[in-house]
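My structure is below; once you've seen it, I'll send some questions.
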Amino acid sequence: MTVYTKQWKKEKDALAKAKAQRNKYSKSQAQALSKDKNYTATIKDTSADISTLKKSQDYYWKVDKAGGKDKNKKTTKKWVKRKKPRKLTKQEQANLASWQKQHDVAQASQKKLRATASYKNAAAKRKKSSGKAK
């Protein structure tokens, strides 16, 4: 049977209180944190799409198939640089413009959101409580 000391119980209660406090945000603070996560995800996603499209302009996949003397060799794929960059199709140009617009709007909105007092309070509260709850 385990015997718990007063100090252990005190620290356990403090930890539970810090975790509970961390999860208590006002409605506006919770919305601000949620919006920030959404903007961050949008920025990350559109950046990945844009970089993939840009890379496909300058590189292509070359597939080395197994054959000849070495039948057991695995098929390999590698990026090979194009001599001239590939021109984008109309659909790709439209996608690129759309992604860049989404990226710019999300960045501007996130910057504006992070300047608000509600977000700053929520971020400070999250930082403070996550330090205690470790």
Counterpart residues, side chain to side chain donor-acceptor pair (under 3.5 Å), relative to S109 (two or more places apart) = none

Once you round to the nearest 0.5 Å, how far does NE2 of H103 lie from NZ of K44?
-> 12.5 Å

Might you work through the side-chain contact (heavy atoms from CB on, under 4.5 Å) test for V63 and T76, ending with a clear yes or no?
-> CA-CA 6 Å; V63 179; T76 56; over 6 Å; no

Hydrophobic cluster identity match, I43 and W99, side-chain contacts under 4.5 Å | no

Does some side-chain heavy atom of K77 sit less than 4.5 Å from a side-chain heavy atom of K62?
-> no

Is a donor on one side and an acceptor on the other found under 3.5 Å between the side chain of S51 and the backbone of S47?
-> yes

Listed by chain and number, what are the side chain to side chain donor-acceptor pair (under 3.5 Å) partners of Q102, not counting sequence neighbours?
-> none

Nearest-0.5 Å distance that lies between atom OG in S118 and atom NZ in K35 | 9.5 Å

Test item: R82 and D58 side chains (from C-beta on) under 4.5 Å apart, heavy atoms = no

Check which hydrophobic residues are tied to W79 through side-chain heavy-atom contacts below 4.5 Å, counting indirect links as well, and list them.
-> Y59, W61

Shortest non-hydrogen pair, A106 vs T42, comes out as CB-CG2, 3.9 Å

Non-hydrogen atoms of L33 and A123 that approach each other most closely = CD2-N, 4.5 Å

Rounding to 0.5 Å, atoms CD (Q29) and CD (Q31) come to a distance of 11.0 Å

Nearest 0.5 Å please: distance from the CD atom of Q57 over to the CG atom of L96.
-> 7.5 Å

Side chains of K12 and W8: closer than 4.5 Å at any heavy-atom pair?
-> yes

So, do D45 and D49 sit near enough that their side-chain heavy atoms are less than 4.5 Å apart?
-> yes

Salt-bridge test for E92 and K87: reply yes if a basic N is under 4.0 Å from a carboxylate O, no otherwise.
-> no

So D104 and Q100, side-chain hydrogen bond (donor to acceptor under 3.5 Å, both in side chains) or not? Walk me through it.
-> CA-CA 6 Å; D104 294 342; Q100 286 175 334; over 6 Å; no

CG-CD distance between N38 and Q110, expressed to the nearest 0.5 angstrom | 10.5 Å

Quick one: do R114 and D36 make a salt bridge, cutoff under 4.0 Å?
-> yes

